[in-house]
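As a basis for the values below, the full set of heavy atoms in this structure was taken, side chains included, without hydrogen atoms, waters or symmetry mates. A note on names: the letters A, B, ... follow the listed sequences, proteins ahead of strands, and every chain is numbered from 1.
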Number of protein chains: 2
Amino acid sequence: MTSCQEPHEKGNGPASARTRGAILKTAAGLFLERGYGGTSVDLIAAEAGVARQTIYNQFASKEALFRAIFSALADEAMMPLAVAARKGASMRAALLRLARSHVAGALSPARLALYRLVVAEAVHFPELGRAIYGVGAARVVRQLADFLREGTRLGHLDVANPEAAAEQFLSMVTGFQQFRGLMGLPAPSAEVDTRTEEAVDTFLRAFKGRPQRGMPRARR
Amino acid sequence: MTSCQEPHEKGNGPASARTRGAILKTAAGLFLERGYGGTSVDLIAAEAGVARQTIYNQFASKEALFRAIFSALADEAMMPLAVAARKGASMRAALLRLARSHVAGALSPARLALYRLVVAEAVHFPELGRAIYGVGAARVVRQLADFLREGTRLGHLDVANPEAAAEQFLSMVTGFQQFRGLMGLPAPSAEVDTRTEEAVDTFLRAFKGRPQRGMPRARR
DNA sequence: ATAGACCTAGACTGTACAGTCTAACCTACA
DNA sequence: TGTAGGTTAGACTGTACAGTCTAGGTCTAT
């Protein structure tokens with residue numbers, strides 16, 4: 001493969017920065033797609049359009065490269081919940097919006113790949129598991145818990161233990177859908193949506209607050 | 001092509017059967033412990049106290065061995081839910097018992113290992129994912145759904161969609177605990193138990209049947 | 001005893017990979 | 001122009017592995 005790519009403009013920093021970025025980005029994609037063991041340094045080099053030696057100039061080892069990638073990956077993995085309750089929206093609408101966005105995220109190919117990667121490698125890279133949990137899941141739980149606490153304070157909900165309820169909500173909403181996705185089963189979006197709605201309704205039946213105007217409590 | 005060579009009645013066929021069993025058992029343990037890629041045929045042979053050639057006499061390839069192991073693994077993976085509602089037990093007690101046993105199973109090292117393996121390999125062995133889902137998860141869901149349906153018929157519960165509710169229940173009960181386990185985080189049994197109880201209570205708040213003072217008989 | 005089915009040990013082939021080393025090469029900059 | 005930093009292709013080492021092949025060993029039924 002003849003190298004000689006277009007001459008780098010000066011001013012965008014040292015060539016090494018650009019190269020390093022390309023390596024990181026390419027390697028991240030490959031690790032997600034093929035796992036740690038399934039991704040050779042040669043492949044990363046080829047895909048990034050870079051010599052293998054260049055990778056070793058930038059990173060001490062394949063493992064070091066993986067670790068370097070990981071924190072970044074973990075950070076962007078769990079986008080913050082779109083938790084802002086809109087002013088006029090009902091609690092059900094707010095939770096549904098939130099659930100839908102969370103499910104969509106959790107079922108996206110990128111997130112499923114990340115999940116697969118982490119589950120598979122957490123044994124060899126224990127701090128990786130802790131990182132994903134801490135910067136990802138735990139943070140999302142905390143955000144949602146705050147939202148539920150606020151909803152309770154305002155009387156729209158009746159949640160005694162917001163952290164536990166948040167975990168229950170997220171588990172219920174993603175649980176089986178995500179499992180099916182990981183198992184390679186199809187996830188028709190209509191069905192996903194139905195399941196999401198049902199989960200939200202179950203959650204609301206369990207945690208509905210004091211009756212609101214126009215919302216008769218009597219329900220047998 | 002697993003065990004199709006038994007044309008002669010030779011009676012016992014002792015050596016090969018025993019050998020084959022040892023290989024299967026050893027390989028299953030190693031695959032669970034170290035994953036498919038992390039387990040070499042040499043290692044299996046050594047661990048099983050068998051020559052490598054013997055493995056190749058019994059199985060066409062490492063992959064064939066893996067597949068042969070898998071159905072067995074999938075079968076014993078999800079023990080049937082101890083779903084029998086005891087006569088005198090309250091619904092809460094029954095669900096709690098069920099939840100506890102399910103959680104204990106899901107968090108057991110063997111099941112976490114299986115889960116890890118399946119999640120990691122479902123890409124390369126798609127039918128593996130389908131098998132685990134079908135013989136495992138889907139079956140458990142069906143059982144629990146039947147139980148919920150029966151509870152609803154008796155008026156102890158009010159579940160409109162038993163399948164969906166069963167998935168919600170199982171997701172809620174195992175969701176985060178299992179995730180934490182997979183991530184290598186400690187799972188203090190006291191905390192697991194608390195979370196389990198909370199999940200059961202949430203479920204019951206959502207699906208509690210009509211008040212049961214005299215247990216009004218519901219016929220349909 | 002002997003034949004056949006099964007087993008063992010280990011040599012062997014071919015492949016893939018991590019990581020090192022070298023020598024040439026490009027670009028910037030003094 | 002020359003030097004320095006970074007890059008490149010590719011050769012090289014050592015390891016691990018899947019899978020084959022061979023030569024001989026063990027057990028069992030006839």
Side-chain angles (χ1 to χ4, degrees), chain A residues 1-27 30-31 33-69 120-121 124-125, chain B residues 1-27 30-31 33-69 120-121 124-125:
Chain A
M1 199 182 270
T2 63
S3 53
C4 241
Q5 307 178 343
E6 36 199 316
H8 320 136
E9 289 299 312
K10 57 159 259 181
N12 57 358
S16 71
R18 207 189 50 87
T19 305
R20 192 186 171 89
I23 295 170
L24 283 169
K25 198 175 147 205
T26 306
L30 288 171
F31 281 141
E33 190 185 319
R34 321 171 44 119
Y36 181 74
T39 305
S40 71
V41 176
D42 274 312
L43 181 60
I44 298 170
E47 204 88 353
V50 132
R52 179 176 48 253
Q53 184 56 49
T54 303
I55 295 182
Y56 284 103
N57 288 346
Q58 298 283 343
F59 304 94
S61 64
K62 183 186 177 186
E63 189 179 318
L65 170 58
F66 185 71
R67 288 179 196 278
I69 279 168
E121 302 303 336
H124 305 287
F125 301 91
Chain B
M1 106 154 227
T2 44
S3 62
C4 41
Q5 293 292 75
E6 245 71 52
H8 298 301
E9 80 283 1
K10 244 21 167 174
N12 36 16
S16 72
R18 230 189 57 250
T19 305
R20 193 186 171 85
I23 295 170
L24 283 169
K25 198 176 144 204
T26 307
L30 287 171
F31 281 140
E33 190 184 317
R34 321 171 44 119
Y36 180 75
T39 304
S40 71
V41 176
D42 275 310
L43 181 60
I44 297 171
E47 203 90 354
V50 133
R52 178 176 48 253
Q53 184 56 48
T54 303
I55 294 181
Y56 284 103
N57 287 345
Q58 298 283 345
F59 304 94
S61 64
K62 183 187 177 185
E63 189 179 318
L65 170 59
F66 185 70
R67 287 179 198 277
I69 279 167
E121 302 303 334
H124 306 287
F125 301 90

**Item:** Validation row: B:Leu65, B:Ile44 side chains within 4.5 angstrom (heavy atoms)
**Value:** yes

**Prompt:** Is any side-chain heavy atom of B:Phe59 less than 4.5 Å from a side-chain heavy atom of B:Ile69?
**Reply:** no

**Request:** Measure the distance from CZ on B:Arg52 to P on D:dT22 and round it to the nearest whole Å.
**Result:** 15 Å

**Request:** Compare side-chain N and O positions of B:Thr19 against OP1 and OP2 of C:dC7 and report whether any pair is under 4.0 Å apart.
**Result:** yes

**Item:** Atom-pair distance (CD1 on B:Ile44; C1' on D:dA16), nearest Å
**Value:** 15 Å

**Asked** Does any non-hydrogen side-chain atom of B:Asn57 lie less than 4.5 Å from one of B:Thr19?
**Response** no

**d(CZ, A:Phe59; C1', C:dA18) in whole Å** = 16 Å

**Request:** Look at the rings of A:Phe66 and A:Phe125 and say which category their plane angle falls in: under 30° parallel, 30 to 60° tilted, over 60° perpendicular.
**Result:** tilted

**Message:** Nearest 0.5 angstrom please: B:Tyr36 OH to B:Lys62 NZ, how far?
**Reply:** 5.0 Å

**Prompt:** About how many Å separate CD1 of A:Ile23 and CG of A:Leu30, when rounded to the nearest 0.5 Å?
**Reply:** 12.0 Å

**Request:** Would you mind reading off the distance between B:Asp42 atom CG and D:dA16 atom P, rounded to a whole angstrom?
**Result:** 11 Å

**Message:** Distance check needed: D:dC17 C1' versus B:Ile55 CD1, whole Å only.
**Reply:** 13 Å

**Message:** Any base atoms under 4.0 Å from B:Gly49, or only sugar-phosphate, or nothing? Heavy atoms, all strands.
**Reply:** sugar-phosphate

**Asked** Rounded to whole angstroms, how far apart are CZ on A:Phe66 and P on C:dG19?
**Response** 14 Å

**Rounded distance [0.5 Å steps], CZ in A:Phe31 versus CG in A:Leu24** = 10.0 Å

**Message:** What's the closest nucleotide to the side chain of A:Lys62 if the choices are C:dG19, D:dA9, D:dA18?
**Reply:** C:dG19

**Request:** Using five base pairs at each end, measure the axis-to-axis angle across the helix from C:dA1-D:dT30 to C:dA30-D:dT1 and round it to 10 degrees.
**Result:** 10°

**Message:** Tell me whether the side-chain N/O atoms of B:Thr54 come closer than 4.0 Å to OP1 or OP2 in C:dC6.
**Reply:** no

**Asked** Is A:Ser40 near enough to C:dA16 that one of its side-chain N or O atoms lies under 4.0 angstrom from OP1 or OP2?
**Response** no

**Prompt:** Rounding to a whole Å, what distance do you find between A:Asn57:CG and C:dT20:P?
**Reply:** 11 Å

**Closest to the A:Gln53 side chain, choosing from D:dG19, D:dA9, C:dG10** = D:dA9

**Request:** Please determine, for the side chain of A:Val50, which listed nucleotide (C:dA9, D:dT8, C:dC7) has the closest atom?
**Result:** D:dT8

**Request:** Provide, to the nearest angstrom, the distance between the CZ atom belonging to A:Arg20 and the P atom belonging to D:dT7.
**Result:** 11 Å

**Item:** C:dC6 phosphate, OP1 or OP2, under 4.0 Å from B:Gln58 side-chain N/O
**Value:** no

